[in-house]
Amino acid sequence: EVPLVESGGGSAQAGGSLRLSCEAPGFTYTSNCLGWFRQAPGKEREGVAAIYTGSGSTYYADSVKGRFTISRAQDTVYLQMNSLKPEDTAMYYCAAAWVSGWQFCNGGSWGQGTQVTVSS
């Protein structure tokens with residue numbers, strides 16, 4: 001099966017923007033939840049955003065609400081990150097899962113991750 005592949009990570013200054021992409025070919029047919037997690041050094045992995053393929057509904061962590069936007073176009077999932085803060089520094093992972101209810105796409109497939117570093 002074609003793997004999930006993230007891209008778009010890099011370095012930004014506080015207040016700047018980055019746009020992450022996740023290529024998820026085939027997963028849109030086997031998953032009803034596509035989303036993003038992140039893990040900072042010394043921290044637990046946390047859900048950032050999710051989009052449900054059937055309804056288009058989105059779900060965000062309180063820490064990113066109003067700053068990050070998840071979207072989907074065909075087999076690509078995006079995470080637009082605006083007004084970046086140093087606290088956003090983490091490895092970001094794309095996820096695809098078949099879930100019941102409202103959650104951050106737990107229990108499915110994961111990408112390799114893309115690093116986001118926010119300075120000052």
Side-chain angles (χ1 to χ4, degrees):
E1 189 172 17
V2 179
L4 294 163
V5 180
E6 301 99 331
S7 63
S11 298
Q13 291 187 306
S17 297
L18 288 171
R19 185 176 177 87
L20 307 184
S21 298
C22 171
E23 298 296 328
F27 287 94
T28 55
Y29 301 103
T30 58
S31 305
N32 64 349
C33 184
L34 302 171
W36 294 89
F37 289 74
R38 68 184 182 186
Q39 187 168 22
K43 303 290 186 180
E44 294 292 314
R45 185 173 296 192
E46 65 172 338
V48 176
I51 184 166
Y52 291 86
T53 59
S55 65
S57 297
T58 57
Y59 183 43
Y60 298 95
D62 288 341
S63 59
V64 307
K65 197 171 297 182
R67 300 188 298 118
F68 291 11
T69 303
I70 188 171
S71 62
R72 181 177 69 89
Q74 296 177 312
D75 289 339
T76 305
V77 185
Y78 301 98
L79 186 68
Q80 179 67 47
M81 305 185 294
N82 297 328
S83 302
L84 284 164
K85 303 176 180 180
E87 308 94 271
D88 296 319
T89 296
M91 185 73 74
Y92 284 72
Y93 300 91
C94 182
W98 189 271
V99 301
S100 297
W102 193 245
Q103 59 171 293
F104 286 115
C105 307
N106 294 301
S109 300
W110 297 80
Q112 298 300 305
T114 186
Q115 178 68 39
V116 171
T117 302
V118 184
S119 61
S120 300

Answer yes if Leu79 and Tyr93 sit in the same cluster of Ile, Leu, Val, Met, Phe, Trp and Tyr residues linked by side chain heavy atoms under 4.5 Å apart, and no otherwise.
no
Closest heavy-atom contact between Ser83 and Asp88?
O-OD2, 4.5 Å
ILVMFWY cluster, Leu4 and Ile51 together (side-chain gap under 4.5 Å)
no
Check whether the side chains of Ser119 and Gln13 place a donor and an acceptor atom closer than 3.5 Å, and report yes or no.
no
Shared hydrophobic cluster for Val77 and Phe27 (ILVMFWY, side-chain gaps under 4.5 Å):
no
For Arg72 and Gln74, indicate whether the former's side chain and the latter's backbone hold a donor-acceptor pair under 3.5 Å.
yes
Would you say the ring centers of Trp110 and Phe37 fall short of 6.0 Å from each other?
yes
Report yes if the side chains of Val48 and Met81 come closer than 4.5 Å at any heavy-atom pair, otherwise no.
no
Please determine if Asp62 and Lys65 form a salt bridge, counting it only when a charged side-chain N lies under 4.0 Å from a carboxylate O.
yes
Report yes or no: do Thr53 and Asn32 form a side-chain donor-acceptor pair below 3.5 Å?
no
Give me the atom names and distance for the closest heavy-atom approach of Ala90 to Gln115.
O-NE2, 3.4 Å
From Arg67 CZ over to Asn82 CG, what is the distance, rounded to the nearest 0.5 angstrom?
9.0 Å
Taking all atoms of both residues into account, what is the closest heavy-atom pair of Thr30 and Trp98, and its distance?
O-CE3, 3.5 Å
Hey, could you give me the CZ/OG1 distance between Phe68 and Thr58, rounded to the nearest 0.5 Å?
14.0 Å
Hey, could you give me the CZ/OG1 distance between Arg38 and Thr114, rounded to the nearest 0.5 Å?
14.0 Å
Name the orientation class of the two ring planes belonging to Trp102 and Tyr59 (parallel below 30°, tilted from 30 to 60°, perpendicular beyond 60°).
tilted
Is a side-chain N or O of Glu6 found less than 3.5 angstrom from the main chain of Gly113, in a donor-acceptor match?
yes
Nearest-0.5 Å distance, CD of residue Glu46 to CD of residue Gln39
9.5 Å
Could you pull out the closest heavy-atom pair between Ile70 and Leu34, with the gap in Å?
CD1-O, 3.7 Å
For Gln112, does the CD atom sit with more than 12 other heavy atoms under 6.0 Å from it, leaving out its own atoms?
no
Heavy-atom closest contact (Phe104 atom, Cys33 atom, distance)
C-SG, 4.3 Å
What distance do Ser7 atom OG and Tyr92 atom OH have between them, rounded to the nearest 0.5 Å?
15.0 Å
Specify the closest pair of heavy atoms between Trp36 and Ser21, including all atoms of both residues, with the distance to one decimal.
CH2-O, 3.6 Å
Assigning hydrophobic clusters by single linkage (Ile, Leu, Val, Met, Phe, Trp, Tyr; side-chain heavy-atom cutoff under 4.5 Å), is Leu18 placed with Val118?
yes
